[in-house]
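Each remark here refers to the structure printed beneath this line.
For the numbers below, each heavy atom of this structure counts, side chains included, while hydrogens, waters and symmetry mates do not.
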Amino acid sequence: MSDLELLRPWWLAALPLLAALALWAWRRGPDAGGWQKVMPARMLVAMRKLGHLHSETGKAGLSCLTAAGLLALGLSGPAVPRADAPILAGSGAILIAIDMSPSVATSPALTDAQAAAAQVLRAANGRAVGLVLYSGDAYDVAAPTADAATLETQIAVLGPDTMPQKGSRPAAALALARQMLSKIPDADLVLISDGGGIDAAAIAEAERLTGDGIGLLVLTLPGSGGQADPGAFSELASVSETAPARTPEPVLRLISAAGAFHGDGTMTALRYRDLGPFVAALALVPLLGLFRRDG
């Protein structure tokens, strides 16, 4: 049951309203055909015991509220993933920007960066993936391509001498990424960096990037030498998710789930088995009791 998800969770908002209505009905007491408004409570009870006054027991109202609750649960769309769901290529694009400044390129952090980038490639779920490297300047190694496997070799051969310039200017990488992704819907930038060079220019470029609707995800490289400053990412308020490069699962989950199929009913039906109709059908059970003839 851990895989249970709700496709339309906003319908659960009806449950507190139904609970409030049930509480109000319980406090009001059973309906005595209007006599409860003009007759003292004790007399009302006595009249009922003597059989001179028939009143509704409230079972009908309870049945209706129970049915409405079950119907709301069904409409919320409890669903489980389909084991036979087809594997569909997502749309949109992911751009990986790897920090190749000396503090990363000449330290063990480079291995972490390469491993994290490889995991991003595997989590792309069919989305096009591109690659940017930066140090003192930024370079577009590959535009987003559906054949992401071609980037594995380029990432694997990165080394201390790859970049022609020294320095660390993430602002340049962010600006280049915005240029490359500006016309692509559902685009994400995955910045893999030790935090060096995060300055006012980088913060401004990050805000422009996310202002254009491009998601910004960060994988940090702790333990690198030189200007390593993972805490510098706290300055980037527009980051969607940040995680260590050695444990990138939170970022990878966002990448995998960032498919372009949100809100697409057809794709949702392919991916999930909607149990809502079965739950909603249970609403008939309390309603059937209303048709029983009292003896």
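Side chain of Thr153 to backbone of Thr150: no donor-acceptor contact under 3.5 angstrom is found. Listed for the Ser107 side chain is a donor-acceptor partner under 3.5 Å among the backbone atoms of Ser103. At distances below 3.5 Å, at least one donor-acceptor pair connects side-chain atoms of Ser168 with backbone N or O atoms of Gly196.
At a cut-off of 3.5 Å, with distance as the only test, no side-chain donor of Ser182 or Asp212 sits close to an acceptor on the other residue. Ser193 and Tyr134 share a donor-acceptor pair across their side chains, judged by distance under 3.5 Å alone. Counted by atom type alone, Ser101 and Asp99 present one or more donor-acceptor pairs between their side chains at under 3.5 Å.
Closest non-hydrogen pair, Gln154 versus Val157, comes out as O-CG2, 3.4 Å. Contact between Met163 and Ser135 at its shortest, heavy atoms only, is CE-OG, 3.6 Å. Between Ala206 and Leu216 the shortest heavy-atom distance is CB-CD2, 3.9 Å. What you find for Leu75 and Arg8 is that their closest heavy atoms are O-NE, 2.7 Å. Closest non-hydrogen pair, Ala93 versus Leu181, comes out as CB-CD2, 4.4 Å. Considering all non-hydrogen atoms of both residues, Gly77 and Asp274 come closest at CA-OD1, 3.7 Å.
Atom OG of Ser240 is separated from atom CG of Leu217 by 5.5 Å, given to the nearest 0.5 angstrom. Rounding to the nearest 0.5 angstrom, the gap separating the CD1 atom in Ile94 from the CD1 atom in Ile214 is 13.0 Å. Once rounded to the nearest 0.5 Å, the distance linking CD of Gln179 with CG of Leu174 reads 13.0 Å. With rounding to the nearest 0.5 angstrom, the CD atom of Gln119 is 10.0 Å from the CD1 atom of Ile255. The distance from atom OG1 of Thr66 to atom CG of Leu282, rounded to the nearest 0.5 Å, is 12.0 Å. If you take CG on Leu133 and CD1 on Ile96, they are separated by 10.0 Å, rounding to the nearest 0.5 Å.
A salt bridge is absent between Asp199 and Arg169: the closest approach of a Lys/Arg side-chain nitrogen to an acidic carboxylate oxygen does not fall below 4.0 angstrom.
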Practice prompt. Run the numbers on Leu12 and Leu6 for side-chain contact (heavy atoms from CB on, under 4.5 Å), then give the verdict.
Written response: CA-CA 10 Å; Leu12 294 181; Leu6 296 177; 3.4 Å; yes
Discussion item. Checking Leu151 against Leu121 for the side-chain contact (heavy atoms from CB on, under 4.5 Å) test, could you report, in this order, the C-alpha distance in whole Å, the side-chain angles of both residues, the deciding distance, and whether it holds?
Written reply: CA-CA 8 Å; Leu151 301 180; Leu121 291 178; 4.0 Å; yes
Discussion item. Set out, in order, the CA-CA distance, both residues' side-chain angles and the distance that settles side-chain contact (heavy atoms from CB on, under 4.5 Å) for Met180 and Leu176, then state yes or no.
Written reply: CA-CA 6 Å; Met180 296 173 66; Leu176 179 59; 3.9 Å; yes
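Residues Thr247 and Glu249 are in side-chain contact: their nearest non-hydrogen atoms beyond the backbone lie under 4.5 Å apart. Side chains of Val120 and Leu252 form a contact here, defined as non-hydrogen atoms less than 4.5 Å apart. Between Val129 and Leu95, every side-chain heavy-atom pair lies at or beyond the 4.5 Å cut-off. Between Pro78 and Phe278, every side-chain heavy-atom pair lies at or beyond the 4.5 Å cut-off. Proximity of Asp188 to Arg127: side-chain heavy atoms (C-beta onward) are separated by under 4.5 Å at one or more points. Leu73 is listed as a side-chain neighbour of Leu15, based on a closest heavy-atom distance under 4.5 Å. In this structure, Leu221 and Ile192 have side chains that are in contact, with non-hydrogen atoms separated by less than 4.5 Å. Inter-residue side-chain proximity for Ile203 and Glu207 is flagged as met; some heavy-atom pair is nearer than 4.5 Å.
Residues Met100 and Tyr139 are members of one and the same hydrophobic cluster, defined by side-chain heavy-atom contacts under 4.5 angstrom among Ile, Leu, Val, Met, Phe, Trp and Tyr. Val285 and Val279 fall into different hydrophobic clusters, where Ile, Leu, Val, Met, Phe, Trp and Tyr residues are linked whenever their side-chain heavy atoms come under 4.5 Å apart, directly or through other members. Leu71 and Leu65 sit in two unconnected hydrophobic clusters of ILVMFWY residues. Membership requires side-chain heavy atoms under 4.5 Å apart, directly or through other members.
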